[in-house]
Amino acid sequence: MPKRHDYLVGLDLGSHCTRCFVALEEQARLRFISHGSAPSAGWNRGVIADQDPVLHSVEKAIQMAEENGGMLIEAAVVGIGGPHLASNVSHTYLNLPAGENEIRQDHIDVIVKDAGHGAVSDDRTVVQLIPLEFAVDRQPGLRNPLGMAGQRLDAHVQVISALAQAHNNIRAVVNRAGLVVQETLFEPFASAYAVLEEQEREMGVAVVDMGAGSLDVVAYLENQLRVASSIPVGGEHFVNDVASILLTSSTESRRLIEQYGCVLADQTPENVMIEVPAVSDGSSRSESRRLLNEVLQARAEEAFGLVRQELRRAGVEGRLIAGAVLTGALACMAGSCDVAEKVLDAATRIGLPPRLEYMPDELDDPSWATAVGLALYAQRLRLHRQRRRDRVTEWLKTILE
């Protein structure tokens, strides 16, 4: 059995489902170990409203993954999303100390960290700091200034932040489940880590993570993160729309969407009927399936219209040559790609996680993209920490010689 600390764990806390993905690194490659999932409750508009049902879901998903893999999970990279997430670009600079004229890694680390200071209000906390561009002695357009000669280092950094209370509650629930939170990550960033190729980031691409509570969006152009935002429209809004129009319960609304839903109403013949259960007396009545899909299409067009507004606001609308990629459980709804292509005016595909060795076919699904991406990011964290330890070891050797 491999050592406990060798496991790479991604924990996707969705408002409808908790997913846990476990992998193991072997010779710089990942191998699937285990997974677990459990229905979730206790969320409201992307934040935890009741910790106990969320905790129960996390514990169940973790337990399932541990039993399937025959091991103990102690730490995880945790996904975070929802409308309380926000981003902005922060600029800061650093004048090198007297006698120093070469940019070192510690200079870069300091300036990126400083970009988060003052970039968010007191009620928010920084989730991620993503360098966009550097300048050395006011020479802009640099992606990696390491080793360059100069006296001043400037940085533009994308600062992704969350409501501090919401972020703390998520960490608290995971800790109560007995896990250490290695890092929190904006969920579409993790999805993008799993489903995108480097060339797509360079050409321009958007990833839309379609969850139950929100549509979380990231967009890349010239290999830079240009958009990181959350739109307060998700799968539950589709469910509520259907429930209110067809006068049925949320449970039945969700079942009708899963069985008969399509966001392209024109593809549904007008004479096809479906049985819709009433809310109170247990009776049912016939309703047009096309009406169901007209409701879904209207909400889908609105949702992707809001995504397009975000892309326009960031100045990348019409510039994403690689198009859009849909992830999340809602991406599986029939016709989603077609509506997205029409509204966004961009080629669109479903984002599936990479096929790791021994990974079961059931995970070949866009709803697992975030969890797999979180595990991939855990591998990146381990590599960075090893490099940092190596730098410290080399420094100690120089002063002890």
Heavy-atom distance under 4.5 Å between the side chains of [X] and [Y], does that happen here?
X: Ile108; Y: Pro145; value: yes
X: Pro53; Y: Ser40; value: no
X: Cys20; Y: Val9; value: yes
X: Met210; Y: Phe238; value: no
X: Thr327; Y: Val195; value: yes
X: Asn144; Y: Phe134; value: no

Verify the distance criterion only: is there a donor paired with an acceptor across the side chains of [X] and [Y] at less than 3.5 Å?
X: His167; Y: Thr184; value: yes
X: Arg255; Y: Gln259; value: yes
X: Asp109; Y: Gln105; value: yes
X: Thr370; Y: Ser191; value: yes
X: Arg124; Y: Ser161; value: yes
X: Ser286; Y: Glu275; value: yes
X: Glu301; Y: Gln297; value: yes
X: Glu74; Y: Tyr7; value: no
X: Gln151; Y: Asp137; value: no

Which atom names give the shortest non-hydrogen contact between [X] and [Y], and what distance separates them?
X: Gly81; Y: Asp216; value: CA-OD2, 3.6 Å
X: Ala119; Y: Val159; value: CB-CG2, 4.1 Å
X: Leu374; Y: Leu11; value: CD1-O, 3.3 Å
X: Asn68; Y: Ser34; value: CB-OG, 3.2 Å
X: Leu129; Y: Val112; value: CD1-O, 3.4 Å
X: Ala166; Y: His84; value: CB-CE1, 3.7 Å

Run through [options] and flag the one making a side chain to side chain contact (heavy atoms under 4.5 Å, CB included) with [X].
X: Glu287; options: Thr248, Leu292, Val276; result: Val276
X: Ile62; options: Glu66, Lys60, Glu59; result: Glu66
X: Ile80; options: Leu185, Leu85, Leu13; result: Leu85

Working for side-chain hydrogen bond (donor to acceptor under 3.5 Å, both in side chains), residues Ser229 and Glu310
CA-CA 8 Å; Ser229 65; Glu310 289 296 310; 3.1 Å; yes
Notebook entry, point to check: Ignoring hydrogens and geometry, is there a side-chain-to-backbone donor-acceptor pair from Ser336 to Met333 under 3.5 Å?
Noted result: yes
Identify whether the distance between the nearest side-chain nitrogen and carboxylate oxygen of [X] and [Y] falls below 4.0 Å.
X: Asp361; Y: Arg355; result: yes
X: Arg299; Y: Glu236; result: no
X: Arg201; Y: Glu197; result: no
X: Glu200; Y: Arg349; result: yes

After noting the C-alpha distance and the side-chain angles of Leu215 and Val307, does the key distance pass the side chain to side chain contact (heavy atoms under 4.5 Å, CB included) rule? CA-CA 8 Å; Leu215 301 184; Val307 172; 4.1 Å; yes
Start with the C-alpha distance between Glu294 and Leu291, add both sets of side-chain angles, then the distance that settles side chain to side chain contact (heavy atoms under 4.5 Å, CB included), and finish with yes or no. CA-CA 5 Å; Glu294 285 174 348; Leu291 175 60; 4.0 Å; yes
*Geometric class of the Trp368/His35 ring pair [parallel <30°, tilted 30-60°, perpendicular >60°]*: perpendicular
- With under 30° as parallel and over 60° as perpendicular, where do the rings of Tyr220 and Phe189 fit, or are they tilted in between? tilted
Is atom [atom1] of [X] surrounded by more than 12 heavy atoms (other residues, nucleotides or ligands) closer than 6.0 Å?
X: Glu302; atom1: CD; result: yes
X: His237; atom1: NE2; result: yes
X: Glu270; atom1: CD; result: no

Given side-chain hydrogen bond (donor to acceptor under 3.5 Å, both in side chains), test Gln165 with Asp123 step by step and report yes or no. CA-CA 8 Å; Gln165 183 182 31; Asp123 63 337; over 6 Å; no
- Step by step, work out the side chain to side chain contact (heavy atoms under 4.5 Å, CB included) result for Leu146 and Ile103. CA-CA 5 Å; Leu146 183 64; Ile103 307 300; 5.5 Å; no
Just do the salt bridge (Lys or Arg N to Asp or Glu O under 4.0 Å) check on Arg104 and Glu100 with the steps written out, would you? CA-CA 10 Å; Arg104 301 195 310 266; Glu100 296 185 17; 3.0 Å; yes
Mind running side chain to side chain contact (heavy atoms under 4.5 Å, CB included) on Leu363 and Val372 for me, showing each step along the way?
CA-CA 9 Å; Leu363 302 190; Val372 176; 5.7 Å; no
- Query: So is Arg152 actually on top of Tyr93's ring, under 6.0 Å and inside 45° of the axis?
  - Reply: yes
